[in-house]
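Each chain gets a letter, A, B and so on, in the order its sequence line appears, and its residues count up from 1.
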There are 2 protein chains.
Amino acid sequence: MLSSPEEIREQLSAHGIQPTTQRVIIAQAMLERCAHYSAEDVFVLVNRESPRVSKATVYNTLGLFAERGLVREVIANPDRVFYDTNTTAHHHFFNTTTGQLIDIPAESVKISSLPAVPSGMKMEGVDVIVRVRPDPSRNP
Amino acid sequence: MLSSPEEIREQLSAHGIQPTTQRVIIAQAMLERCAHYSAEDVFVLVNRESPRVSKATVYNTLGLFAERGLVREVIANPDRVFYDTNTTAHHHFFNTTTGQLIDIPAESVKISSLPAVPSGMKMEGVDVIVRVRPDPSRNP
DNA sequence: CTAACTGCAAACGTTTTGCAACTTT
DNA sequence: AAAGTTGCAAAACGTTTGCAGTTAG
């Protein structure tokens, strides 16, 4: 992934996001490894060594990043919104027992038919969430 | 839909749910018309005429109903979990502007390929959420 | 200099909890 | 009688807000 502050700043600018100190810190932390982060995850990650970004800023920033397409909002768990640094088209396994999300590459899912979008509406995207859980009978 | 308290009680029992007074009230209100209800919706609906069920009981009951398959949890909006009285296989349009959900019959969506479920896991179901929004160019 | 952004703490709305009282079996 | 359920109010939780102070262009 990208890592130098330089590259991060460019990425932010490319998405129309003003690269402030805190935004660079957050983007760097998130893009370092591909994962699904809750707001709390990011808050902890970013302030691990020393307090650098406030909670309000984390929330604002995640919202902004999602709006500008730098990360993607994934909603599978009622308790938490996740922000996915993988913004390419893809889907998810959702472990209903642990709440964990696992990416499914777009190619693995083929949707051969979809209904017409209601009139006056425009399709934004399609999310496929495959709910799974540990199988007691197969994993003794 | 079902409507007599008798039938409702039977439905609850059939799902392994002890048919108490409050649960019958809630089930009756929800099954009366097919829709997507938030917990607050149900709370208001059920206490419209007179206070009959507490908020805590509404939450507990919805959780129980979902667990036992009487209703289905639909998560598309970070702000609210919806409970869908349509438990047959089907999918959803999600209007990202208004937060409204619209059912898509299962037959309208054909998924021709899915990845293998991670080992030791068992598939519970597949949710397809088609995100849509008003199209300014088509609806002036 | 101006507009944009940040931090703090307080406010918010939803969901959960602890526990005594009450139903249901 | 025992087990399960309910209501209440309080707590917890994630998220948002208002505003004064700071930073970026």
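- Across C:dA4, D:dT6, D:dT15, the shortest atom-to-atom separation from the side chain of A:Tyr59 is found for D:dT15.
- Checked by atom type and distance alone, the side chain of A:Tyr37 pairs as donor or acceptor with a backbone atom of A:Met30 at under 3.5 Å.
- For B:Gln18 and D:dA2, the CD to P distance is 17 Å, given to the nearest whole Å.
- A donor and an acceptor atom, one from each side chain of A:His91 and A:Asp103, are nowhere located under 3.5 Å apart.
- In this structure, of C:dT17, D:dC8, D:dT15, it is C:dT17 that holds the atom nearest to the side chain of B:Asn60.
- D:dT6 atom P lies 17 Å from atom NZ of B:Lys55, rounded to whole Å.
- The side chain of A:Pro19 lies closest to D:dG25, out of D:dT6, D:dG25, C:dT24.
- The nearest whole Å value for the distance from the CZ atom in B:Arg52 to the C1' atom in D:dT5 is 17 Å.
- For A:Ala56, the listed nucleotide lying nearest its side chain is C:dG7; candidates were C:dG7, D:dT5, D:dT15.
- Taking atom CG on B:Asp41 and atom P on C:dT15, their separation rounds to 11 Å, with Å as the unit.
- Considering only the side chain of A:Ser54, C:dG7 comes nearest among C:dA4, C:dT6, C:dG7.
- Counting only heavy atoms from C-beta on, A:Val53 has its side chain closest to C:dG7 among C:dG7, D:dT5, D:dA24.
- Residue contacts shown for A:Thr21 are limited to sugar-phosphate atoms, with no base heavy atom under 4.0 Å away.
- Within 4.0 Å of A:Glu40, counting heavy atoms only, lies no atom of the nucleic acid at all.
- Here A:Arg23 reaches the OP1 or OP2 of C:dT6: one of its side-chain N or O atoms lies under 4.0 Å away.
- Listed for the B:Asp127 side chain is no donor-acceptor partner under 3.5 Å among the backbone atoms of A:Arg131.
- Straight-line distance from the CZ atom of B:Phe43 to the P atom of D:dC8: 9 Å, rounded to whole Å.
- When only modelled atom types and interatomic distance are considered, A:Thr98 and A:Asn95 share a side-chain donor-acceptor pair under 3.5 Å.
- At the phosphate of D:dT23, neither OP1 nor OP2 sits under 4.0 Å from any side-chain N or O atom of A:Gln22.
- Taking atom OH on B:Tyr83 and atom P on C:dT15, their separation rounds to 7 Å, with Å as the unit.
- Of the candidates C:dC5, D:dT15, C:dT6, D:dT15 carries the atom nearest the A:Ala39 side chain, counting heavy atoms from C-beta on.
- Atom CG in A:Asn47 sits roughly 13 Å away from atom P in C:dT6 (whole-Å rounding).
- Donor-acceptor pairing under 3.5 Å is lacking for the side chains of B:Gln22 and B:Thr61.
- Closest-nucleotide positions on DNA chain C for B:Arg9 and A:Leu64 were compared, and the one nearer the 5' end corresponds to A:Leu64.
- At whole-Å resolution of the value, CG in B:Leu12 and P in D:dT5 are 12 Å apart.
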